[in-house]
Amino acid sequence: MSDSNKIRVRFAPSPTGGLHIGGMRTVLFNYLFARQHNGIFVLRIEDTDQNRYVPGAEEYIMACLDWCGMHPDEGPHTGGPYGPYRQSERKEIYRQYAEQLVQAGHAYYAFDSTEDLEAMRIRFKTAQNPAPQYDHSLRMKMRNSLTLAPTEVKQLIESGASHVIRIRVPENELVGLQDMIRGGVNFNTSQVDDKVLLKADGMPTYHLAVVVDDYLMKITHAFRGEEWLPSAPVHVLLWKYLGWEDDMPQWAHLPLIMKPDGNGKLSKRDGDRLGFPVYAMDWKDPKTGDLTRGFRELGFLAQAFINMLAMLGWNDGSSQELFTMQELIRKFSIERVHKGGAKFDYEKAKWFNHEWIKRLSPEMLKPDVKKILEIKGIKVDDDALLERIIALVKDRCVLLPEFYDQTKFFFEAPKQLVTEPIRSKWSLEKAAFFVDYCLLIQTPGPWDAAVAESIFKNLAAEKHIKPGELQLPLRIMLVGDKYGPPVFDIASVIGREETVKRIQYGIQAL
RNA sequence: GGCCCGUUGGUCAAGGGGUUAAGACGCCUCUCUUUCACGGAGGAAUCACGAGUUCGAUUCUCGUACGGGCUACCA
């Protein structure tokens with residue numbers, strides 16, 4: 001494939017806060033598509049709204065992509081031949097195209113103030129039309145270069161009067177587009193309003209910027225959320241009016257991710273309300289200082305997060321649900337993306353993580369587990385030991401932090417023993433058994449789970465006590481509670497001396 | 001209100017004119033394990049509705065209902 005027809009996609013977030021799973025899924029689909037076709041994945045920062053700009057959000061977005069291993073081929077930090085990749089730094093580019101549109105009669109200057117606009121909306125509001133739009137039916141009633149005398153317009157502009165440039169949407173024309181997911185979608189332009197293209201501050205709106213930049217950056221396939229579908233005719237019109245129709249990218253409007261309960265698209269609030277993450281990573285709002293927890297910090301593996309994201313609205317047609325990034329790159333197809341929105345299910349998300357923890361080797365899990373333990377003040381230097389422990393417990397950890405609860409007793413004796421389950425059945429005979437058991441295991445010789453178990457069972461048989469009656473007490477002495485991997489494995493790992501110590505302490509406590 | 005997009009169990013979903021309508025999550029039962037999980041075996045539960053086309057519609061068409069999105073000098 002030559003460079004001229006190379007597939008180029010872009011993820012174009014606006015840096016206004018945390019990156020939620022919908023955004024991350026858009027990145028993922030872009031990334032998969034690019035990699036599958038050996039194309040270019042561009043990151044473009046859409047920071048045209050100065051009011052909503054949040055410092056740090058761009059770095060945060062980069063970090064999220066980094067976590068998931070989806071590195072842009074071009075972008076503000078990587079550079080590239082079509083930069084700059086921040087729209088705020090491209091401000092000067094947009095004006096000329098807006099002016100070009102005005103010259104061609106496809107756009108016009110509008111001088112209406114916010115108050116004018118508000119008054120218009122109130123004045124023309126009826127039961128049939130509760131939200132009047134600045135469109136073909138109303139534009140001749142407003143203050144713009146269509147209604148004002150050319151000399152007046154010229155004078156207003158020269159005097160620096162605040163104004164915007166609006167697209168002049170034709171009346172009663174059919175505008176259609178082919179969507180890769182939905183097929184043909186048609187609109188009658190009479191329903192489309194004269195969207196602002198260039199704002200009073202000289203910044204473009206999304207509508208102008210997305211078209212200009214997609215053209216200039218040679219984007220071939222444009223993926224975005226379904227919420228953009230209604231404004232797609234504006235974009236199609238712009239591609240046409242700018243004379244770039246042949247270069248228009250193929251569109252794919254992705255289904256929305258919905259709230260698990262009730263209705264509407266998923267928002268950060270739902271996560272707060274229902275107790276699950278919505279953002280990829282922890283996000284601290286620099287203004288309020290509020291911390292919103294992310295999937296990563298709550299203990300999700302990047303592999304699981306990606307896998308979960310991919311299955312939200314896509315499948316390969318088989319019943320396979322577990323995919324590596326490489327498999328996804330190979331198997332992804334935009335045609336198999338669902339049309340309907342999917343309700344987010346946190347239980348299922350956790351299931352993916354659990355599956356990935358089970359699937360990954362102790363060695364691969366080790367860095368994450370080390371981090372978890374270090375946070376809790378446990379530093380492990382013996383890698384082989386740690387891997388052995390991880391192998392023992394990983395099947396019972398759903399989220400990474402659970403590795404702490406599942407492994408802490410390997411490193412330190414339980415501080416408190418939960419004795420309720422065994423106290424009532426505790427007896428002098430059992431105490432004597434454990435005293436003897438300690439004596440027996442202290443004699444030199446090999447030490448592993450099998451040894452610990454056979455000594456235990458032989459002694460129990462000798463004393464005519466059912467081994468089952470003894471195992472739970474042993475577990476509680478070693479672990480402190482009724483959970484964890486097989487008890488003799490634990491004894492084996494912590495060693496005979498520590499086992500003896502804990503048993504002796506346990507006998508005291510009971 | 002208008003425009004646009006959707007609709008297979010509670011959730012994610014496969015399928016697509018004739019099927020016992022896959023599979024997964026969750027839930028329940030049993031089993032393994034004298035811990036907790038994992039694993040294994042089962043179970044309950046679905047084609048929104050109405051017309052039409054057809055020998056036959058969950059599948060095609062049209063309506064309706066319902067859900068969603070948009071309707072900003074936000075993206």
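All chains are named by letter (A, B, ...) in the order of the sequence lines, taking the proteins before the strands, and each is independently numbered beginning at 1.
You'll find a donor-acceptor pair under 3.5 Å spanning the side chain of A:Lys348 and the base of B:A24, going by distance alone.
Atom NZ of A:Lys358 is separated from atom P of B:A24 by 13 Å (rounded to the nearest Å).
The phosphate of B:G1 has neither OP1 nor OP2 within less than 4.0 Å of any side-chain N or O from A:Asn129. Contact annotation: A:Lys265 reaches the phosphate of B:C70 (side-chain N/O to OP1 or OP2, under 4.0 Å). An OP1 or OP2 oxygen of B:C73 is reached within less than 4.0 angstrom by a side-chain nitrogen or oxygen of A:Arg166. A close approach under 4.0 Å does not occur between any side-chain nitrogen or oxygen of A:Lys125 and OP1 or OP2 of B:G2.
For the P atoms, the distance linking B:C5 with B:G9 amounts to 22 Å, nearest Å.
Annotation: cation-pi pair A:Arg166/A:Tyr134 present, NZ/CZ under 6.0 Å from the ring centroid and within 45° of its normal.
By the 6.0 Å contact criterion, CD on A:Gln96 is enclosed, its count of non-hydrogen atoms from other residues, nucleotides or ligands being greater than 12. At most 12 heavy atoms of other shown residues, nucleotides or ligands fall within 6.0 angstrom of atom NZ in A:Lys125.
Checking A:Ser492 against A:Asp489 by side-chain atom types alone, no donor-acceptor pair falls below 3.5 Å.
Mapping A:Gly468 and A:Glu227 onto RNA chain B by nearest heavy atom places A:Gly468 closer to the 5' end of the strand.
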